[in-house]
Amino acid sequence: VQLQASGGGLVQAGGSLRLSCAVSGTVFSIDDMAWYRQAPGKERELVAAIPRGGNTDYPDSVRGRFSISRDNAKNLVTLQMNRLKPEDTAVYYCKADVRSSRNPSYERSYWGQGTLVTVSS
């Protein structure tokens, strides 16, 4: 199982970016999917989460600006980021809780490689 994230880049404050993360490999099912971020010198933090049922969750720092969605048929999770601020600058990681078709009874978390988002003031 592999997660491939894309869509990061440089944007001015107030702008928008859209991140995508595709899950590939021997996937039987995907439960929770989420985006985290890690800024220099800081711990990794949750940015948005979406279970298979679709009830999203956001911290106060991004609620109303970020929106997570998923396409279960394509094993894809996206993060739409609007009204970006310099403090949103970080490496963004996608995470998925996956049951592999090789062992559907066992679920584990997989992480993408990270994509850098830089917001200039």
Side-chain angles (χ1 to χ4, degrees):
V1 175
Q2 292 183 332
L3 274 64
Q4 181 68 45
S6 61
L10 174 64
V11 64
Q12 289 188 335
S16 298
L17 280 176
R18 185 177 180 88
L19 306 182
S20 295
C21 178
V23 184
S24 62
T26 56
V27 177
F28 178 77
S29 66
I30 302 174
D31 193 1
D32 291 354
M33 304 183 84
W35 287 92
Y36 287 73
R37 67 185 180 189
Q38 187 166 20
K42 295 187 177 181
E43 294 186 353
R44 190 172 297 189
E45 63 174 353
L46 176 69
V47 173
I50 183 168
R52 189 171 183 84
N55 294 322
T56 57
D57 183 35
Y58 307 94
D60 290 342
S61 59
V62 307
R63 187 175 292 113
R65 299 188 298 121
F66 290 11
S67 178
I68 187 172
S69 61
R70 61 188 288 172
D71 184 331
N72 292 327
K74 296 181 179 179
N75 292 340
L76 187 71
V77 61
T78 60
L79 182 68
Q80 178 65 43
M81 304 184 293
N82 299 324
R83 304 198 307 276
L84 283 160
K85 304 176 181 180
E87 51 262 44
D88 294 319
T89 296
V91 177
Y92 284 69
Y93 299 90
C94 55
K95 183 177 80 75
D97 296 335
V98 180
R99 295 180 187 273
S100 169
S101 57
R102 294 179 178 177
N103 188 2
S105 63
Y106 176 66
E107 182 180 279
R108 59 158 286 189
S109 295
Y110 292 86
W111 291 85
Q113 84 282 11
T115 184
L116 177 63
V117 172
T118 303
V119 184
S120 63
S121 58

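No experiment lies behind these values; they were computed from the predicted model shown.
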Identify the heavy atoms of [X] and [Y] that sit nearest to each other, and give their distance.
| X | Y | value |
| --- | --- | --- |
| Gly8 | Val117 | CA-CG2, 4.2 Å |
| Ala96 | Leu3 | N-CD2, 3.7 Å |
| Ala5 | Thr115 | CB-CG2, 4.4 Å |
| Met81 | Leu84 | CB-CD2, 3.8 Å |
| Leu17 | Gly7 | CD2-O, 3.9 Å |
| Ser67 | Tyr58 | CA-OH, 3.3 Å |

Drop me the distance from [X]'s [atom1] to [Y]'s [atom2], to the nearest 0.5 angstrom.
| X | Y | atom1 | atom2 | value |
| --- | --- | --- | --- | --- |
| Leu76 | Ser24 | CG | OG | 11.5 Å |
| Ser109 | Lys95 | OG | NZ | 3.5 Å |
| Arg70 | Asp32 | CZ | CG | 7.5 Å |

Q: Can you establish whether the number of heavy atoms outside Tyr110 located under 6.0 Å from its atom OH is more than 12?
A: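 More than 12 heavy atoms, drawn from other residues, nucleotides or ligands, come within 6.0 Å of this atom.
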Q: Verify the neighbour count for atom CD of Glu87: are there more than 12 heavy atoms of other residues, nucleotides or ligands below 6.0 Å?
A: yes
Q) Within the side chain of Gln4, is there an N or O that forms a donor-acceptor pair under 3.5 Å with the backbone of Val23? A)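 A pair under 3.5 Å: no.
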Q | Under 3.5 Å donor-acceptor, Arg83 side chain and Gly64 backbone | A |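 The answer is yes, because a donor-acceptor pair under 3.5 Å joins these two groups.
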Q) Which word best sums up how the rings of Tyr93 and Trp111 line up, parallel for under 30°, tilted for 30 to 60°, or perpendicular for over 60°? A) perpendicular
Q.
Applying disulfide bond (SG atoms under 2.5 Å apart) as the test, list every pair that has at least one member in residues 76-121; sequence neighbours left out.
A. Cys21-Cys94
**Q.** Sidechain N-carboxylate O distance under 4.0 Å for Lys85, Asp88
**A.** no
Will you find, in the side chains of [X] and [Y], an N or O donor that is under 3.5 Å from an N or O acceptor?
| X | Y | value |
| --- | --- | --- |
| Ser29 | Asp31 | no |
| Ser69 | Thr78 | yes |
| Thr89 | Thr118 | no |

(Q) Clusters formed by hydrophobic residues whose side-chain heavy atoms approach within less than 4.5 Å: which one holds Leu10, and what are its other members? (A) none
Q: Tell me whether Met33 is reachable from Val1 by hopping between hydrophobic residues (I, L, V, M, F, W, Y) whose side-chain heavy atoms are closer than 4.5 Å.
A: yes
Q) In terms of hydrophobic clustering (I, L, V, M, F, W, Y; side-chain heavy atoms under 4.5 Å; direct or indirect links), are Val119 and Val91 co-clustered? A)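 Different clusters: Val119 never reaches Val91 through Ile, Leu, Val, Met, Phe, Trp or Tyr contacts under 4.5 Å.
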(Q) Are the side chains of Asn82 and Phe66 in contact, using a 4.5 Å heavy-atom criterion? (A) no
Name the atoms and distances for all side-chain donor-acceptor pairs under 3.5 Å in residues 39-55, with sequence neighbours left out.
from: Glu45; atom 1: OE2; to: Arg37; atom 2: NE; distance (Å): 2.7
from: Glu45; atom 1: OE2; to: Arg37; atom 2: NH2; distance (Å): 3.2
from: Arg52; atom 1: NH1; to: Ile30; atom 2: O; distance (Å): 3.2

